[in-house]
Amino acid sequence: MKKLSALLLLAIVSISMSAQNREFIRNEIQKYDECRNVAITEYNGDLMLYGKNGWAASGCPKSLTNALRELNNSGDFINDVQLTNNGAWLIVHGRNGIQWNDIPYSLERMLRQWNSNYEEITSVAFNDSGDWIAVSTEHIAASDAELQEWVAGGMEDYGGVWATCITEDAAIVVYENGYRFLGNVPVDLIRELDSVDFNVYRIKIAGTSWFMSDNKSIYSYNM
C-alpha cells in the first residue's frame, strides 16, 4: 500500500481543504424520500442515487454528470459511483458495465479483464494515492498484496465481501456478517453500526461525514 500502509499501525489525522456543505444532498434525499447510494468527497462534490438510475449531484465533474445522464437516458441500472477529491471517478452499471476517468492503471487493467470475462463487478473503491480494492463475484483484488491480505483476512470471520470504501486516510470493508476498519474512520459511524437495525450492504465516508444503506433503499447518514 502507498499512503494506507501506515494505517496498519496508526490512524492519520485527516485535514480537509475546506468544509463541504452537504445541504444539497440532504435536501435531495428528503425530496425523494429515498437513497440507495452516494458518492461524497471532502471538497469536490457529492451525489446521491435513487430508484433504478435516478441521480442528483452538486459540484461534481461535468464528465461524471454527463456519463450519469447518458445512463439515465438509456435506462441502465446505476449500481455504484466512486468520486475522489481530485476528481477521478468510476461508475459501475448493469451487470459488469464500467465507466471511469483517471483511475489507477492497475485498477483499470483488472476491471477490463473482469469485464471481458463477463464477471459481475460488485464493488470498486480507490483514492488519489493509488490505493484500490475491487470485488467481483469471482475475485477480490487490491493495489498491493498487503491490502489484499487485509481484505481477505476478514472473510474468515465475516464471510464474503459486499462492498468497500477507501479515502486518503481510511478504509472500510463490509462483509456478509461484519466489518473491518483501517485508519481514520468516524467514531460515530462505528457506534451507529453497533445499533443499526438493517443489514448494511455499503458504507461511504468523507472526513467525518458518512452514509450507510442496505442493498435497496433503507439508509442512515450523518452528512
Side-chain angles (χ1 to χ4, degrees), residues 1 35-39 47-55 57 60-61 63-84 87-128 130-156 158-166 171-180 199-204 212-217:
M1 290 177 284
C35 185
R36 58 180 176 80
N37 200 351
V38 301
L47 65 86
M48 55 87 77
L49 301 177
Y50 64 93
K52 178 182 178 182
N53 60 6
W55 61 277
C60 296
S63 58
L64 171 57
T65 57
N66 285 344
L68 289 170
R69 188 172 293 110
E70 291 177 2
L71 289 170
N72 180 269
N73 291 337
S74 71
D76 203 3
F77 176 68
I78 303 172
N79 180 32
D80 192 16
V81 179
Q82 299 290 324
L83 175 63
T84 72
W89 57 264
L90 180 141
I91 305 171
V92 180
H93 58 92
R95 187 176 183 275
N96 71 345
I98 40 177
Q99 297 186 42
W100 62 76
N101 177 66
D102 198 28
I103 66 174
Y105 176 69
S106 56
L107 172 59
E108 177 183 335
R109 185 174 55 188
M110 179 65 64
L111 293 176
R112 286 186 184 276
Q113 179 181 331
W114 290 356
N115 180 265
S116 64
N117 292 337
Y118 300 101
E119 292 186 33
E120 183 176 354
I121 299 169
T122 57
S123 181
V124 183
F126 58 95
N127 63 19
D128 290 317
D131 301 302
W132 57 265
I133 303 170
V135 183
S136 77
T137 51
E138 303 294 331
H139 297 96
I140 295 172
S143 48
D144 61 69
E146 190 175 14
L147 183 57
Q148 185 162 336
E149 289 173 4
W150 178 75
V151 176
M155 297 176 68
E156 299 176 5
Y158 305 120
V161 176
W162 278 354
T164 64
C165 174
I166 288 182
I172 299 173
V173 181
V174 181
Y175 299 89
E176 291 177 285
N177 300 299
Y179 320 93
R180 292 199 91 177
N199 292 325
V200 177
Y201 180 81
R202 70 175 83 249
I203 298 172
K204 298 289 184 69
M212 68 173 76
S213 67
D214 66 358
N215 201 21
K216 295 181 180 179
S217 60

- Is the backbone N or O of G51 less than 3.5 Å from a side-chain atom of R36, with the two atoms forming a donor-acceptor pair by type? yes

- Task: Find the distance between CG (L83) and CG (N101) and round it off to the nearest 0.5 Å.
- Result: 10.0 Å

- Can you label the angle between the H139 ring and the W114 ring as parallel, tilted or perpendicular, going by 30° and 60°? parallel

- Query: Counting only heavy atoms not in N199, do more than 12 sit closer than 6.0 Å to its CG atom?
  - Reply: no

- Exercise: identify the closest heavy-atom pair between S123 and A163: OG-CA, 3.4 Å

- Message: Contact between M155 and I140 at the side-chain level, heavy atoms closer than 4.5 Å - yes or no?
- Response: yes

- Please report the C-alpha distance between Q82 and K204 in whole Å, then the side-chain angles of each, then the deciding distance to 0.1 Å, and finally whether the side chain to side chain contact (heavy atoms under 4.5 Å, CB included) criterion is met. CA-CA 9 Å; Q82 299 290 324; K204 298 289 184 69; 3.4 Å; yes

- Query: What are the two closest non-hydrogen atoms of F77 and K52, and how far apart are they?
  - Reply: CD1-O, 3.1 Å

- Task: Apply side chain to side chain contact (heavy atoms under 4.5 Å, CB included) to K216 and Y201, showing your working.
- Result: CA-CA 9 Å; K216 295 181 180 179; Y201 180 81; over 6 Å; no

- Task: Just jot down the salt bridge (Lys or Arg N to Asp or Glu O under 4.0 Å) partners of R69, sequence neighbours excluded, or say none.
- Result: none

- Taking the side chain from N127 and the backbone from G130, do they hold a donor-acceptor pair closer than 3.5 Å? yes

- Distance in Å, R112 CZ paired with N117 CG, rounded so as to fall on 0.5 Å steps: 13.5 Å

- When every non-hydrogen atom of E108 is compared with those of W100, the smallest separation belongs to CG-CZ2, 3.3 Å

- Task: Only one of N37, V92, L68, V124 passes side-chain contact (heavy atoms from CB on, under 4.5 Å) with V81; say which it is.
- Result: L68

- Minimum heavy-atom distance between G153 and R180, given as atom pair plus value: C-NH1, 3.7 Å

- Message: side chain to side chain contact (heavy atoms under 4.5 Å, CB included), that's the test. Do I203 and Y179 meet it? Break it down for me.
- Response: CA-CA 10 Å; I203 298 172; Y179 320 93; 4.2 Å; yes

- When rounded to the nearest 0.5 Å, the distance separating CG of L111 from CD1 of I121 is 5.0 Å

- Item | Identified side-chain contact (heavy atoms from CB on, under 4.5 Å) partner of L71 from the options N53, N66, D76 | D76

- Are any non-hydrogen side-chain atoms of R202 and D80 less than 4.5 angstrom apart? yes

- Note on the structure: d(L64 CG, W55 CH2) to nearest 0.5 Å is 7.5 Å

- Query: What pair of heavy atoms forms the shortest contact from F126 to I103, and how long is it?
  - Reply: CZ-CG2, 3.6 Å

- Query: Side chain of Y175, backbone of V151: donor and acceptor closer than 3.5 Å?
  - Reply: yes

- Could you state the interatomic distance from CE (M212) to SG (C165), rounded to the nearest 0.5 Å? 12.0 Å

- Message: Quick check against the 3.5 Å criterion: does N115 have a side-chain atom that pairs as donor or acceptor with the backbone of Y118?
- Response: no

- Give the C-alpha distance, both sets of side-chain angles, the deciding distance and a yes or no for side chain to side chain contact (heavy atoms under 4.5 Å, CB included) between V200 and W162. CA-CA 9 Å; V200 177; W162 278 354; over 6 Å; no

- Item | Point-to-point distance, once rounded to the nearest 0.5 Å, from CG of N96 to OG of S116 | 9.0 Å

- Where is the tightest heavy-atom contact between S106 and W132, given as atom of each residue plus distance? OG-NE1, 2.8 Å

